[in-house]
Amino acid sequence: MSASTEKSPPSTVDSAIKVFDTTLRDGEQSPGASLTGDEKLEIARQLRRLKVDIIEAGFPAASPGDLEAVQRIAEEVGGPGGPVIAGLARAHRGDIDQAWQAVRAAERPRIHTFLATSELHMARKLQMTPAQVVERVAEMVAYARSLCDDVEFSPEDASRSEPEFLIEVLAKAIEAGATTLNIPDTVGYGMPADYGALMARLIAETPGGGDVTWSVHCHDDLGMATANTLAGLAAGARQAEVTINGIGERAGNTSLEEVVMALATRRDSWGLGCGIDPAQLVRSSRLVESFTGLKVPANKAIVGANAFAHEAGIHQDGMLKDRRTYEIMTPADVGWDDTQLVLGKHSGRHAFQVRLRQLGFELQDEELAETFRRFKELADRKKTLTDADLLALLHEQVEGPEEIYRLCDLQVTCGRPGMPTATVRLQSADGEEAVAAEVGTGPVEAAFGAIDRIVAEPCRLLDYFVDSVTPGLDALGGVTVRIAPKGEPDSTFSGFGVDADVVVASTQAYLAAVNRMLGQRGLAVGSGVGNPAVGEIPLASPTGGGASEVPGGSQA
Ligand code: KIV
Ligand code: ZN
C-alpha cells in the first residue's frame, strides 16, 4: 500500500458500484430505533439527495405502518429520476404481494426476497430440507418476477452456507428471474479473505452468474463489515448494501460513509467509484442520528465529532504547516463545514425556510409556520441555532404523532431538601383540559407521573436518554424516551422532545410517546381528562404512584 499524500478527488462520475441503502429496513431493526412514517419519508428524501442508487424502504409485511411508509416513499421519493425503491419480503406469496403493493408506485420498483440456506437455519429455524429450500426459492423468485421486473434474492446466512449448495440455490434463482443476487454475512461471521473468496467463487461458478448483479451485505459483529464489503466488491460484486452510521441489527450493518470514502480516498487501491455525493454524508448522518436516537460515537470514522479533530500538539503543528500531514480527506469533502451555519433570533422566515430546504425539508405552510414559531421561541433563549439544533427541532415537528394530548403548562419544584413535584396541564384533542400534580424522585419522574394521572393508561418507561444537541451551556437538550404499555413489553413507543430546559424536553418527549401509544392502540382520551383541578387529585408517594414505572426508580 503506497502512502500517497495526494488525495484522489471523490468521484461523482464513475458509478460502477451501486449503493443500496437499507437504513430504513435493516437499520431500523437496530434495538431501540423505531421510526415513524414521517421520519422515514424525511430520511428517504435525504437519501435521494445523497444520490443512493437503491433505497430499501422497509419490510411491508412486518406491519401495516411499514407497508404504508414504503408506499409513501415509493410515491414521493421514487418518482422520475429517483432511486430504485425496494421492499423486503420473506419467500412467501403473502409477503411478496405486500412488498409489491408497497413499491409498485415507484418508477423503478424492486422486490427483495430472501430465504436461509445454511444448514443451521434450514434445519433449526425453517425446518425445511435443502430440496424444499431450492424449490421454494425457484417458486417465489418466479412469483416475484411475475409481478416486478427487478427482483433481488438473498440466501440468508450465506457466509455459513455450503458453497456448493449456495451455487445450486443461486442458479435456480437466476433461472427463475432474479436480477440481483445478494450474499449476506447475516451474523458478521465472515473474514475479508474468506468472504471475498466466496464471492469470487459464486460469481465464477454459478450458471448464469455473468448476467446478474452481485451484491454484498455484511454485519459488524466482529467489526469486519466494511472490510468484508470492500473484499466482496474487489471480488466482483457491484452492489453494496449499507446503512447510514452503520446502524442495524445487533452490532449493525456496513456503514455507508466508510465504504463510500474508502472507495473515494483510496481509488488508487480499489479502482472503483460510486455516484454518492459525499458532501451530503454528515447531514445524512445527523438526520439519522437525530431521528433514530442512536448516537454516533465521537470517534466514528467520517461522521464522528472527532473524525477531524486534532488534539496532540505535534499533530496540530503538522496541520498548520500542511493539512495533508494528518488529514487524508478534508472535512468539507464529507460535508462538515456546511453544518456550521447558524441562524439566530433575528433570522427571518425566508432565511429559515431556505436553510430547511438545504437540510432537505420542504415544509407546507402550516407546518412551516409552526416550526418557525418554535424556532423563534428557542432562539429567544439560545443565541444561535446550528443545523444540529434545527434538525432536533424538525425531528420534534415531523415526528409529531397525532396530538391526542397537548402540553399547555408545566411547573416543577425540586432541590434538596424537598420533594420534587410537577404540575401539568394538558389539553385533549377535543379541547378539554385537565390538571394533575405528582411527586417523584426527581422533577422528570414527577412530570411523567402527572401525565400518567391524566392519561390513565398504564405504561412502563423503558429508555430515557437526554443529550445536549450542541456543545455549550446554552445547548438545547434533546430527549428520547421509549415506553411500553404495561404487560406488553414487546410493543414499544418512542417520543422525542427538544427544549432549552431538559425537564420541558423530557415532558414533551414522554407525552409524544404516550400520544403515539394511544394513537396506535386506537385509544382516544383517558378517563383522566376533565378531571377536576389539582387539589382534588391526591398526590402519590415520592417513590412513584403514577401509572408509569421508572426502571430502577431513578430519574434525571
Ligand atoms: O442480514 C441478512 O441476512 C439480511 C437479509 C434479509 C438480506 O438482512
Ligand atoms: Zn442484514
Side-chain angles (χ1 to χ4, degrees), residues 18-31 33 52 54-63 66 70 84-92 95-96 98-99 102-103 110-122 124-126 133 136-137 140-141 144 150-161 165-166 169-170 173 178-190 195 198-199 202 212-226 228-229 232 237 239-256 258-259 292 294:
K18 300 269 176 254
V19 175
F20 175 115
D21 183 278
T22 183
T23 305
L24 297 175
R25 199 278 298 169
D26 225 349
E28 211 223 0
Q29 288 174 217
S30 303
V52 306
I54 301 111
I55 295 177
E56 184 163 55
F59 187 176
S63 71
D66 223 28
V70 178
V84 170
I85 305 295
L88 185 72
R90 285 168 301 185
H92 295 319
D95 272 32
I96 293 172
Q98 284 182 295
V103 298
R110 174 180 293 186
I111 297 174
H112 176 193
T113 188
F114 71 100
L115 191 63
T117 49
S118 64
E119 274 176 24
L120 184 64
H121 278 233
M122 288 189 292
R124 311 290 301 173
K125 185 182 81 172
L126 299 175
V133 166
R136 175 80 69 82
V137 169
M140 289 304 123
V141 170
D150 186 346
V151 173
E152 173 169 333
F153 171 69
S154 293
E156 191 190 7
D157 206 18
S159 56
R160 293 193 299 169
S161 303
F165 181 59
L166 266 183
V169 172
L170 294 169
T179 44
T180 298
L181 293 180
N182 179 43
I183 307 302
D185 181 22
T186 303
V187 290
Y189 180 74
Y195 184 75
L198 175 67
M199 182 65 77
L202 297 177
V212 295
T213 301
W214 291 84
S215 167
V216 287
H217 178 112
C218 300
H219 283 263
D220 208 29
D221 299 65
L222 292 172
M224 296 287 163
T226 298
N228 285 338
T229 295
Q239 173 177 289
E241 301 202 353
V242 290
T243 61
I244 302 288
N245 299 337
I247 65 168
E249 195 79 85
R250 305 180 310 280
N253 286 60
T254 306
S255 136
L256 179 147
E258 290 175 14
V259 172
T292 58
L294 298 171

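Atoms within each ligand, like the ligands themselves, are counted from 1 in listed order. Bear in mind that the values here come from a model prediction, so they are computed numbers and not experimental data.
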Quiz item: Should we say atom CZ of Phe165 is surrounded by more than 12 heavy atoms from elsewhere, each under 6.0 Å from it?
Solution: yes
Practice problem: Quick one: do Thr179 and Asp150 satisfy side-chain hydrogen bond (donor to acceptor under 3.5 Å, both in side chains)? Show the steps, please. | Solution: CA-CA 6 Å; Thr179 44; Asp150 186 346; 3.3 Å; yes
Quiz item: Is the Zn ion (ligand 2) less than 2.8 Å from at least one N/O/S atom of Asp26?
Solution: yes
Quiz item: Can you check whether Asp157 has an N/O within less than 3.5 Å of an N/O in ligand 1?
Solution: no
Quiz item: Which ligand 1 atoms are under 4.0 Å away from a heavy-atom of Ser154?
Solution: 7 (C)
Practice problem: Would you kindly specify which portion of Thr186 sits under 4.0 Å from ligand 1, judged on non-hydrogen atoms: side chain, backbone, both or neither? | Solution: both
Self-check item: Validation row: His121, Glu119 side chains within 4.5 angstrom (heavy atoms)
Solution: no
Quiz item: Should you measure from each heavy atom of His219, which atoms of ligand 1 turn up under 4.0 Å away?
Solution: 1 (O)
Quiz item: Hey, which atoms in ligand 1 end up nearer than 4.0 Å to a heavy atom of Pro184?
Solution: 2 (C), 3 (O)
Quiz item: Are Val70 and Arg25 close enough that some pair of their side-chain heavy atoms sits under 4.5 Å apart?
Solution: no
Quiz item: Relative to ligand 1, is Glu249 under 4.0 angstrom through side chain, backbone, both or neither, heavy atoms considered?
Solution: neither
Self-check item: Of the listed options Glu156, Arg25, His112, Glu241, closest to atom 6 (C) of ligand 1 (non-hydrogen atoms)
Solution: Arg25
Quiz item: Under a 4.5 Å cut-off applied to non-hydrogen side-chain atoms, are Phe153 and Leu170 in contact?
Solution: yes
Practice problem: For a side chain to side chain contact (heavy atoms under 4.5 Å, CB included) with Thr243, tell me which candidate from Leu256, Leu24, Thr254, Thr22 qualifies. | Solution: Thr22
Quiz item: To the nearest 0.1 Å, how far is atom 4 (C) of ligand 1 from its closest protein heavy atom, and which atom is that?
Solution: His217 NE2, 3.5 Å
Quiz prompt | Val52 side chain near Val242 side chain, heavy-atom distance below 4.5 Å | solution = no
